[in-house]
Amino acid sequence: MSKQSGRGRVAGLPEWDRCAVMGVVNVTPDSFSDGGRFFDTTAAVKHGLELVTEGADLVDVGGESTRPGATRVDEAEELKRVIPVVRDLSSEGVTVSVDTMRACVAERALAAGAALVNDVSGGLADPAMIQVVAASEAPFVVMHWRGFLQGGNVKGVYDDVVTEVVDELHARVEAVLDGGIAPDRVVVDPGLGFSKDAEHDLTLLAHLDRLLGLGHPLLVAASRKRFLGRVLAGPEGAPPPARERDAATAAVSALAAHAGAWAVRVHEVRATADAVRVARAVEGARAEKETRVAAGAPVAGNGAEGAR
Ligand code: PMM
């Protein structure tokens, strides 16, 4: 599959001519990277609007931390956190995604204006999720997930992480299609950091072409994750804190965009917005050159116009 066809378009959402930027608003006291910072409706909405000003194309609103070992919030609390933020951002014209594993939260968020359901369990955590999303005709993010984790990454054992993640995602995609979600509304996501260590995450990023081979737009969510801490760790092996991983996150955004990802999900939007635009410009230059070569026209960038 070519990079262009891999990026694809998601029915029911606006279309972007480059990798889209999904900004994150965690309305939680305990998310590992930004927990507690936007834990009231006003602060969360303000932050979502700021992310849009900085270049976010969509804003992903979540009310439950998914970090390994986190205790689940109850449904009433999740609704209380998420719905007002979804409603206010949607009414401001923001394209909102709801990050939830609960069908009831998805349903209420869609009624409040959300345009996309992002379920880190790929529809596994709540048996009613697929039906709710299918009935609403909303697009759906299917992330690779091996269940709730207690006591560390116990389910993160792979012989061949790329093949196993691709196969397991394929099975989930089949399940959501069987459940009635239209194929042009399904987005896939490797679930970096979920039952995966740093090496698994890096190997998956090195093989995004295999994930694009599933034939659905690809979302990559590397923002501030542990594997970036490992990559950036100093000689003593101490990883920088999550909020000091944004430059590394933007580097992953450029790589993912260049590989053909449909969108990247990030906490700090500005640098990633630049990164995806640079990737788009490079793609444009390549396409321009290919068109000229095909037409037998002179090709820019062959050195004839000087080095600068
Ligand atoms: N990771 C987190 C939360 N939501 N959604 C998708 N689709 N993919 C992810 O990898 C993902 C996600 C955890 O990160 P956060 O707590 O910093 O938001």
Side-chain angles (χ1 to χ4, degrees), residues 10 20-39 44 47-48 51 56 58-73 78 81-82 85 96-102 105-106 109 114 116-125 129 133 138-146 148-149 153 156 165 169 172-173 176 186-196 198 200-201 204-205 208 211 216-229 241-246 248-249 252-253 256 261-269 272:
V10 180
V21 179
M22 178 186 277
V24 178
V25 175
N26 283 322
V27 197
T28 57
D30 60 344
S31 281
F32 85 97
S33 55
D34 58 359
R37 295 194 57 226
F38 313 112
F39 190 47
H47 184 57
L51 294 181
L58 314 103
V59 172
D60 191 39
V61 179
E64 176 172 44
S65 171
T66 50
R67 78 189 150 73
T71 341
R72 294 211 69 188
V73 293
E78 192 184 349
R81 293 177 184 181
V82 163
V85 180
V96 174
S97 148
V98 60
D99 186 344
T100 185
M101 291 184 269
R102 287 196 171 99
V105 177
L116 170 72
V117 177
N118 172 26
D119 178 356
V120 300
S121 81
L124 283 167
M129 178 65 94
V133 176
F140 188 55
V141 177
V142 178
M143 200 193 81
H144 177 261
W145 190 73
R146 283 189 167 180
F148 296 103
L149 296 177
N153 255 347
V165 168
L169 265 179
R172 289 312 303 149
V173 169
V176 307
V186 175
V187 174
V188 293
D189 178 334
L192 300 175
F194 286 80
S195 300
K196 297 165 193 87
H200 296 138
D201 289 339
L204 285 163
L205 282 174
L208 293 181
L211 289 142
H216 292 274
L218 175 68
L219 174 64
V220 175
S223 189
R224 299 180 176 174
K225 284 193 174 164
R226 272 168 304 164
F227 80 97
L228 294 176
R243 294 193 64 203
E244 289 172 24
R245 301 175 194 166
D246 288 331
T249 298
V252 177
S253 296
W262 166 73
V264 284
R265 178 185 179 279
V266 293
H267 301 85
E268 197 283 319
V269 159
T272 278

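One-based numbering, in listed order, for ligands and for the atoms of each. Note that this is a predicted model, so its numbers are computed, not measured.
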Stepwise salt bridge (charged side-chain N to carboxylate O under 4.0 Å, His left out) check, Arg265 with Asp99: CA-CA 11 Å; Arg265 178 185 179 279; Asp99 186 344; 3.2 Å; yes
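At least one heavy atom of Lys225 sits under 4.0 Å from some atom of ligand 1.
When non-hydrogen atoms are compared, ligand 1 lies under 4.0 Å from the side chain of Arg265 (C-beta onward) but not from its backbone.
Annotation for ligand 1: atoms under 4.0 Å from non-hydrogen atoms of Val120 are 4 (N), 5 (N), 12 (C). Those atoms of ligand 1 with a heavy atom of Ala221 less than 4.0 angstrom away are 8 (N), 9 (C), 10 (O). The Thr66 neighbourhood of ligand 1 comprises atoms 2 (C), 3 (C), 13 (C), with distances under 4.0 Å to a heavy atom of that residue. In summary, the atoms of ligand 1 found under 4.0 Å from a heavy atom of Leu219, numbered by their order in the structure, are 7 (N). The ligand atoms of ligand 1 that sit less than 4.0 angstrom from a heavy atom of Val141 are 7 (N). With ligand atoms numbered from 1 in the order given, ligand 1 contributes 15 (P), 17 (O), 18 (O) to contacts under 4.0 Å with heavy atoms of His267.
Taking CE of Met143 as the start and CE of Met101 as the end, the distance is 8.5 Å to the nearest 0.5 Å. Rounded to the nearest 0.5 Å, atoms NE2 (His267) and CZ (Arg243) are 10.5 Å apart.
Checking only distances, Asn118 does come within under 3.5 Å of ligand 1, N or O to N or O. Between Asp189 and ligand 1, an N or O atom pair is found at a separation short of 3.5 Å. At under 3.5 Å, a nitrogen or oxygen of Asn26, whether backbone or side chain, sits near a nitrogen or oxygen of ligand 1.
No option in Asp189, Thr100, Asp60 other than Asp60 meets the side-chain hydrogen bond (donor to acceptor under 3.5 Å, both in side chains) test with Asn118.
A distance-only check finds no donor-acceptor pair linking the side chain of His216 to the backbone of Val188 [under 3.5 Å]. Looking only at distances, no side-chain donor or acceptor of Thr28 sits under 3.5 Å from a matching main-chain atom of Ser65. Within the 3.5 Å criterion, the main-chain N or O of Ser223 finds no donor-acceptor partner in the side chain of Lys225.
Here the side chains of Val21 and Leu51 are not in contact, with every heavy-atom distance at 4.5 Å or above.
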